[in-house]
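Note on naming: letters A, B, ... go to the chains in the order of the sequence lines (proteins, then strands), and numbering restarts at 1 for each one.
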There are 2 protein chains.
Amino acid sequence: MSFETHRCLAKHTPIYFAGDDAGELIKVTKGVVSVFCIFEDGRRQIVDFVTEGELLHFQFGGELDHYAEALTDVELVCAPVNAALSDTAWAEYVFEQMRNRLDRERRHITLLGQKSAAERLAEFLIIVSERLTTPLGDIELPMTRQEIADYTGLTIETVSRMFSRWMRERRLVVTGKRTYRIEGALAA
Amino acid sequence: MSFETHRCLAKHTPIYFAGDDAGELIKVTKGVVSVFCIFEDGRRQIVDFVTEGELLHFQFGGELDHYAEALTDVELVCAPVNAALSDTAWAEYVFEQMRNRLDRERRHITLLGQKSAAERLAEFLIIVSERLTTPLGDIELPMTRQEIADYTGLTIETVSRMFSRWMRERRLVVTGKRTYRIEGALAA
DNA sequence: GAACAGCCTTGATCAGCATCAAGAATGACC
DNA sequence: GGTCATTCTTGATGCTGATCAAGGCTGTTC
């Protein structure tokens, strides 16, 4: 599309801040981005890990009210809101992405509202495994323990303890630098 | 619109179940509806309280994956998905409603992920007060303590205790059968 | 390969909320 | 107005996960 622009960013680079102009839609074509909110007191809630083919936000004007940051090296395609929504293919894509995000957010809500630490992390791994797998079928976790904690509403220590336990019990196996495989039921 | 149908339901009536056909969009024109998920073990997570002018769900085909139930007497307008999305006014309305829901769900995620019981309930009251106020400006709470608990991820006892405390401290005042007024800062 | 920074792990203790339990208030129905 | 079911409140106790603290691992830089 003529109105699209491309950007490449190195890992850990901020993509936008709350308060930035929401004039363009941003699609991730490579890598993983974390989308999050920050409170006055420094607490952070990661709302989504956005992967290839997905849009970062759905604000079509005004100011952005949250943050996005590259977790890995990323490639992005940006499109001005008006041009994108006037283009049939883009508009349909945006629509579909909104539906997907609604579903993921709902799932995230149930994860946070009703589940124990073990259940949250098991569900987190399942959610990630549906979107971030190696060709061999292993789960990729490009995020740090802190980021997992900020997604699941737990602390870094609890995340670490749970992973350690599952690895000790051979329910979760490390298969590479940042890849894992689930070998048994995690829920317990 | 010719393709719209109207329904009136008494309070506590189920509107749809998970597994039902997602063939029509449903708009609330009067009353309040709770939208929720249920787990195998009976735990329930209320995802949203849907009020006048809002859509219940955004599934445009297949089977619904959650539940909806009238909290109060309600009036609904239903429209077949295809007819609605072909109609410009409806399509724009659906789009706008999806954006609103995305924002509310994100807010709900931060409420559940990062906050203490007091903070959750304070935030819950603020969210509700933005959409359910009497002409006098009081907050309407048509939902039970259990429903508030299932929305905030707390137990009914914790909700009750927090409300009692705020009422004892005159931060929250009962102004009617199901109406309240916030008199001071709740967060503490 | 030594030094350093960032990330992760593990243990000990603590606090907030859940759970368990009992009774009070509210409202519906005859 | 009395009875019953439902909802709400309040207290006592316990558990899960947070907090505090210390040390280990990994990777980078010179």
Side-chain angles (χ1 to χ4, degrees), chain A residues 10-13 34 39 41-46 69 71-73 111-125 141-169 172 174 176-180 186-188, chain B residues 10-13 34 39 41-46 69 71-73 111-125 141-169 172 174 176-180 186-188:
Chain A
K11 68 169 73 168
H12 304 140
T13 312
S34 79
F39 302 96
D41 60 5
R43 281 178 292 185
R44 178 176 69 157
Q45 176 65 48
I46 293 183
E69 183 178 308
L71 277 190
T72 63
D73 293 345
L111 179 158
L112 293 169
Q114 299 294 330
K115 299 188 186 260
S116 68
E119 289 173 318
R120 289 186 198 199
L121 287 168
E123 174 82 359
F124 161 78
L125 286 173
L141 295 184
M143 60 291 284
T144 64
R145 295 282 187 268
Q146 185 63 60
E147 284 154 348
I148 296 172
D150 288 346
Y151 181 89
T152 54
L154 301 167
T155 59
I156 187 175
E157 293 95 332
T158 300
V159 174
S160 184
R161 268 185 255 272
M162 205 58 71
F163 276 33
S164 296
R165 200 184 95 197
W166 284 336
M167 282 158 64
R168 205 182 318 124
E169 296 169 348
L172 188 64
V174 180
K177 217 175 183 39
R178 292 205 162 277
T179 63
Y180 298 80
L186 296 181
Chain B
K11 68 170 72 170
H12 304 140
T13 312
S34 78
F39 302 97
D41 60 4
R43 282 179 291 185
R44 178 177 68 158
Q45 176 64 49
I46 294 183
E69 183 178 309
L71 277 190
T72 64
D73 293 345
L111 180 157
L112 293 169
Q114 299 295 330
K115 298 188 187 263
S116 68
E119 289 173 319
R120 289 186 198 200
L121 288 167
E123 175 83 0
F124 162 77
L125 286 173
L141 294 184
M143 60 290 285
T144 64
R145 294 281 187 268
Q146 185 63 61
E147 284 155 349
I148 296 172
D150 288 346
Y151 180 89
T152 54
L154 301 168
T155 59
I156 187 174
E157 294 95 332
T158 300
V159 174
S160 184
R161 269 184 254 271
M162 205 57 71
F163 276 33
S164 295
R165 199 184 94 198
W166 284 337
M167 284 158 63
R168 204 181 319 122
E169 296 169 349
L172 188 65
V174 179
K177 218 175 182 40
R178 291 204 162 278
T179 62
Y180 297 80
L186 296 181

Worksheet item: Is there a donor-acceptor contact under 3.5 Å from the side chain of B/E119 to the main chain of B/L111?
Response: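 No, B/E119 side chain to B/L111 backbone: no donor-acceptor pair under 3.5 Å.
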Between [X] ([atom1]) and [N] ([atom2]), how many Å, whole number?
X	N	atom1	atom2	value
B/L121	C/dA18	CG	C1'	14 Å
A/L154	C/dC17	CG	C1'	15 Å
A/L112	D/dT16	CG	C1'	16 Å

Polar-atom pairs under 3.5 Å, protein N or O versus N or O of nucleotides 23-30 of chain C: list them with distances, or write none.
{"from": "C/dG27", "atom 1": "OP1", "to": "B/K177", "atom 2": "NZ", "distance (Å)": "2.9"}

Hey, does [Y] have a side-chain heavy atom less than 4.5 Å from the side chain of [X]?
X	Y	value
A/K11	A/L71	no
B/R145	B/E157	no
B/L112	B/Y151	no
B/T152	B/L121	yes

Response to the item:
Quick tally for nucleotides 6-15 of chain C: nucleotides whose base has a protein heavy atom under 4.0 Å get B, sugar-phosphate-only ones S, the rest -, giving --SBBBB---
Worksheet item: What residues form a side chain to side chain donor-acceptor pair (under 3.5 Å) with B/S160, not counting sequence neighbours?
Response: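 Partners of B/S160 under the side chain to side chain donor-acceptor pair (under 3.5 Å) test: none.
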Practice prompt. Of all the heavy-atom pairs spanning A/E147 and A/R44, show the shortest one and how long it is.
Written response: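 Minimum heavy-atom contact is CG-NH2, 3.5 Å.
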Discussion item. Give me the atom names and distance for the closest heavy-atom approach of B/Q114 to A/D150.
Written reply: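 Minimum heavy-atom separation between B/Q114 and A/D150: NE2-O, 3.9 Å.
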Discussion item. If the cut-off is 4.0 Å, is A/T155 near the phosphate of D/dG17, judged by side-chain N/O to OP1 or OP2?
Written reply: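 No, outside the criterion.
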